[in-house]
Novice: 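Here it is: the structure, laid out below.
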Amino acid sequence: MTAARPDVRTLIGTVLDPGTFTSWDDPPADPAAPGSAYAEELAAARAKSGYDESVMTGEGLLGGRRVAVMTCEFSFLAGSIGVVAARRLTRAVERATAEGLPLLASPASGGTRMQEGALAFAQMVKISAAVSAHRAAGLPYIVYLRHPTTGGVFASWGSLGHVTAAEPGALIGFLGPRVFESLHGYPFPGGVQVAENLFQQGLVDAVVSARDAREVAIRALAVLCAPKDGPVERRPMPPEEPALTVDAWEAITRSRRDDRPGVRGLLKVAATDVTPLNGTGAGENDPGLLLALARFGSVPAVVIGQDRGRQRAGRHIGPAGLRVARRGMRLAEELGLPLVTVIDTPGGALSKAAEEGGLAAEIARSLADLVMLDAPTVCLLLGEGAGGAALALLPADRVLAAQHAWLSPLPPEGASVILYRSVDFAEEIARAQRVRAADLAADGIVDRIVPELPDAAYEPEAFCRRVGHALEQEIADLLAREPDERLAGRLDRYRRLGEG
C-alpha cells in the first residue's frame, strides 16, 4: 500500500479549484452519553485528527463548474459512519439534489461505526436512498474510492456511482481482511481486495491518483452536464461526396482489413472529453466492447462500441459485453444523454461459456432495452455487422452506415454452410442477402451512408472526421425533438420495417 495518503482537506485542495471549497457542515450533535467511553473516544478522535466528525461535505468549483462534495476522513475513528455522520451526508446529498448540482463522493471508511450498532448500520439505507433520488433527478454522481473502503460504506453509497475511480493500491472490499482472518482463522487471499484487481474485474472505471481523479471528473462532467435541450451549437458541415456503390463481397472484404479504423480510432480523431468506462460495474468485463463518455462537437453522448481490434485478437462479444452495453443504455436513460452504438463485429462468441452465460438472452434484453430507451439514439454501422451481436446494438432513432459496412444474420461463410454445407458460395449469398450499406438504405434499415473516399483504410483520419460530423448532426437533430415524438417515431420505424 502507498505510505502517504492525503487527508480530506488535502484531497479537496487537490481535486477542486484552489480556494473554492465552502463547507456545508454544522457542528455535530454528540451521539454519546456524557462521560461514557464512547464520548471519550469521540473527544480523542477530534483532538487527534483535527476533524469534528468522520465526514466533510460542502461545495466548490471543479474546472469552473459548481459541484457538491462529500468525503470521509479515515483518521477519525477509521472513517466509520454513525448516525451523526449519516445525517450530514444525507443532508448534503439532498441539498445537491435540490440545487441541481453534480455530486462527488470520496469514501475512505471501515464501514459502520460499531459503537452505535444496528442503528448506525441501518443509516446506509438512508444515505443510499438520498443518492438514488439524486440519480433519479438526472444528476451525475461520481465516486472516488480511497484506501481503505470496506463494509457498509462500500456496500452502499460507495458503489452507486455513474463513474467510479479508485486510488492506486487502495484496499477496497466488503469484509475487511483483519475481520475475515479473525472469523475464519486463515488470511483472506491476497491481491483480491485491491483497486487494480477491481479494475480488472470491471468493478471500477479507473485507478488514478487524486490529481488525475480531478481530470477524470472534469472530462466526465463535461459530457454528463452538457446541455441536452434548447439550441445546439453546430459546426459547419463539410459537403459529403456521394458514396460509390461497390459489390457486396468487395464491401465485406474491405470491412475486414486490419488497417480499417475502428471505434477507438473514431473517438481519438472525432471526439473530445472522452472518458472510458470499464465493465458492468458488477464484476464483469469484455475487452471486445468499449463503453465511454464523449462529445462530438458540442453534443454529448454515451458511446457503446464494438472494438474490432480486440475482437480480432480472439475476444468476440460475449454475454458480459452486452451487459456492459446495457450499463451504457441505463446511464444514457438515467442522465438523459444521447446514446451512440457502434456496430463492428465478425459475430458473437461461440463457446460453452457464452451459451451458459446467456448470450442469446442478453441479445434479446439489449434489443428490448434499446428499442424502448427514453433517450436519443444513433446507431453507426462502422464495419462488419454479423449476427445477433450486431443486431443487439441496431435499433435506434437514426442508423448511419459507413459505405463499406454491412449487416447479415451470419457471416456470409456461415450462411453458405447452412444452405450448401460449404463456404464456397459466400460471395453469391452476400449479394443475394442484400447486406451492403446501399441495400440496407434501400430497404429502410439505414438512414444515411457516410462515404469512404475511396476506402476508410486509405483515409482513416478524414473518414473518422466525416463520421464525427455526421454523428454530431444527427444527435443535434434528435435533441431538438420532443422525447415522446422520438420514441413513437422509433417504434413506428421498426413496426413498418419490411411492410413495403
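Atom set for the values below is all heavy atoms of this structure, side chains included, hydrogens, waters and symmetry mates excluded.
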Novice: Indicate whether the side chain of His404 and that of Glu452 have a donor and an acceptor atom separated by less than 3.5 Å.
Specialist: yes
Novice: Can you give me the closest heavy-atom contact between Leu400 and Glu474, atom names plus distance?
Specialist: CD1-CG, 3.6 Å
Novice: Indicate the atoms forming the closest heavy-atom contact of Glu53 with Ala85, along with that distance.
Specialist: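 Heavy-atom minimum between the residues: OE1-CB, 3.8 Å.
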Novice: Check step by step if side-chain contact (heavy atoms from CB on, under 4.5 Å) holds for Arg214 and Asp17.
Specialist: CA-CA 9 Å; Arg214 166 183 166 85; Asp17 298 352; 2.9 Å; yes
Novice: The test is side-chain contact (heavy atoms from CB on, under 4.5 Å); show your working for Ile81 and Met124 and say whether it passes.
Specialist: CA-CA 8 Å; Ile81 305 300; Met124 303 306 164; 3.6 Å; yes
Novice: Would you name the heavy atoms of Val55 and Arg88 that are closest together and state the gap between them?
Specialist: O-NH1, 2.9 Å
Novice: Could you tell me whether Arg91 and Asp25 make a salt bridge, using a distance below 4.0 angstrom between a side-chain N and a carboxylate O?
Specialist: no
Novice: Would you call Leu103 and Ile142 a side-chain contact if the rule is heavy atoms closer than 4.5 Å?
Specialist: no
Novice: Any salt bridge between Arg327 and Asp205, counting N to O under 4.0 Å?
Specialist: yes
Novice: Verify, without hydrogens or angle tests, whether Tyr144 (side chain) and Thr71 (backbone) share a donor-acceptor contact under 3.5 angstrom.
Specialist: no
Novice: Could you tell me which non-hydrogen atom of Met372 sits nearest to which non-hydrogen atom of Glu333, and how far apart they are?
Specialist: O-OE2, 4.3 Å
Novice: Any donor-acceptor pair under 3.5 Å linking the side chain of His147 with the backbone of Leu171?
Specialist: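 Yes, His147 side chain to Leu171 backbone: donor-acceptor pair under 3.5 Å.
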Novice: Find the distance between CG (Leu382) and CD1 (Ile343) and round it off to the nearest 0.5 Å.
Specialist: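 If I round to the nearest 0.5 Å, the distance is 10.0 Å.
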Novice: If you measure from CG on Asp344 to CG on Leu380, what distance do you get to the nearest 0.5 Å?
Specialist: 8.5 Å
Novice: Apply salt bridge (Lys or Arg N to Asp or Glu O under 4.0 Å) to residues Asp477 and Arg486 and explain how you reach the verdict.
Specialist: CA-CA 11 Å; Asp477 289 344; Arg486 279 198 311 262; over 6 Å; no
Novice: Kindly say whether Val399 contributes a backbone atom to a donor-acceptor pair with the side chain of Arg448 at under 3.5 angstrom?
Specialist: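 Flag not set: sc Arg448 to bb Val399 has no pair under 3.5 Å.
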Novice: Applying the side chain to side chain contact (heavy atoms under 4.5 Å, CB included) criterion to Leu337, which one of Ile475, Val299, Leu224 satisfies it?
Specialist: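 So the option named by the test is Leu224.
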Novice: Do Val153 and Ile127 touch side chain to side chain, with heavy atoms closer than 4.5 Å?
Specialist: no
Novice: I want to check something: taking the side chain as every heavy atom from C-beta on, are Leu139 and Leu335 in contact at a cut-off of under 4.5 Å?
Specialist: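 No. Closest side-chain heavy atoms not under 4.5 Å.
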Novice: Using a strict 4.0 Å threshold on nitrogen-to-oxygen distance, state whether Arg146 and Glu167 make a salt bridge.
Specialist: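 Salt bridge: no.
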Novice: Spell out, as yes or no, whether a donor-acceptor pair under 3.5 Å connects the side chain of Gln403 to the backbone of Pro454.
Specialist: no
Novice: Can you name the nearest heavy-atom pair linking Ala130 to Glu94, along with the distance?
Specialist: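 The pair with the smallest heavy-atom distance is CB-CG, 4.4 Å.
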Novice: Tell me which one of Arg308, His316, Gln306, Gln311 satisfies side-chain hydrogen bond (donor to acceptor under 3.5 Å, both in side chains) with Thr345.
Specialist: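 Of the listed options, the one satisfying the test is Gln311.
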Novice: Between Asp447 and Arg493, does at least one N-O distance fall below 4.0 Å, as a salt bridge requires?
Specialist: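 Yes, this pair counts.
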Novice: Is a donor from one side chain sitting under 3.5 angstrom from an acceptor on the other, for Asp7 and Thr10?
Specialist: yes
Novice: Work out which heavy atom in Ala457 is nearest to a heavy atom in Pro460; give both atom names and the distance.
Specialist: O-CD, 3.7 Å
Novice: Around atom CD of Glu461, are there more than 12 heavy atoms of other residues, nucleotides or ligands at under 6.0 Å?
Specialist: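 Atom CD in Glu461 is not packed in, count stays at 12 or less.
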Novice: Assess Arg9 against Tyr51: is NZ or CZ under 6.0 Å from the centre of the six-membered ring, and within 45 degrees of the ring's axis?
Specialist: yes
Novice: Please check this pair: side chain of Tyr141 against backbone of Val163, looking for a donor-acceptor N/O pair closer than 3.5 Å.
Specialist: no
Novice: When you compare the side chain of Met56 with that of Ile12, does any pair of heavy atoms fall below 4.5 Å?
Specialist: yes
Novice: With heavy-atom distances below 4.5 Å as the criterion, would you say the side chains of Val378 and Leu339 are in contact?
Specialist: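 No - every pair of side-chain heavy atoms lies 4.5 Å or more apart.
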Novice: Does the Lys NZ or Arg CZ of Arg95 fall within the cation-pi geometry relative to Trp24 - under 6.0 Å from the ring centre and within 45° of the axis?
Specialist: yes
Novice: Can you tell me how far OG of Ser298 sits from CZ of Phe296, rounded to the nearest 0.5 angstrom?
Specialist: 12.0 Å
Novice: Regarding Arg481 and Glu485, does a basic nitrogen lie under 4.0 Å from an acidic carboxylate oxygen?
Specialist: yes
Novice: Within a strict 4.5 Å, meaning less than it, do heavy atoms of the Pro300 and Leu293 side chains meet?
Specialist: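 Counting from C-beta outward, Pro300 and Leu293 never come under 4.5 Å.
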Novice: Any donor and acceptor pair, going by atom type alone, linking the side chain of Glu73 with main-chain N or O of Val8 inside 3.5 Å?
Specialist: yes
Novice: Please determine if Arg219 and Asp273 form a salt bridge, counting it only when a charged side-chain N lies under 4.0 Å from a carboxylate O.
Specialist: no
Novice: Roughly how far apart are Leu221 CG and Arg66 CZ, rounded to 0.5 Å?
Specialist: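 Result: 14.0 Å between the selected atoms.
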Novice: Any side-chain heavy atom of Val93 sitting closer than 4.5 Å to one from Thr57?
Specialist: no
Novice: Is there a donor-acceptor pair closer than 3.5 Å between any side-chain N or O of Arg436 and the backbone N or O of Ala251?
Specialist: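 No.
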Novice: Taking the side chain from Asp307 and the backbone from Gly262, do they hold a donor-acceptor pair closer than 3.5 Å?
Specialist: no
Novice: Between Gln473 and Arg398, do the side chains contain an N or O donor and an N or O acceptor separated by less than 3.5 Å?
Specialist: no
Novice: Can you confirm whether Arg135 sits close enough to Pro140 that some side-chain heavy atom of one is under 4.5 Å from a side-chain heavy atom of the other?
Specialist: no
Novice: Tell me if a side-chain donor or acceptor on Asp397 pairs with a main-chain N or O of Thr377 at a distance below 3.5 Å.
Specialist: yes
Novice: May I ask you to decide whether Arg295 forms a salt bridge with Glu472, counting only side-chain N to carboxylate O separations under 4.0 Å?
Specialist: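 So Arg295 does not pair with Glu472 through a salt bridge.
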Novice: Begin from the C-alpha positions of Leu290 and Ile304 and carry the test side-chain contact (heavy atoms from CB on, under 4.5 Å) through to its verdict.
Specialist: CA-CA 6 Å; Leu290 177 145; Ile304 300 167; over 6 Å; no
Novice: Can you check whether Ile172's main-chain N or O pairs, donor with acceptor, with Thr149's side chain at less than 3.5 Å?
Specialist: no
Novice: Measuring from atom CG of Leu291 to atom CG of Asp286, what distance do you get when rounded to the nearest 0.5 angstrom?
Specialist: 11.5 Å
Novice: How many angstroms lie between atom CZ of Arg490 and atom CG of Asp492, to the nearest 0.5 angstrom?
Specialist: 12.5 Å
Novice: Taking it one step at a time, do Leu16 and Val67 satisfy side-chain contact (heavy atoms from CB on, under 4.5 Å)?
Specialist: CA-CA 9 Å; Leu16 297 185; Val67 297; 3.9 Å; yes
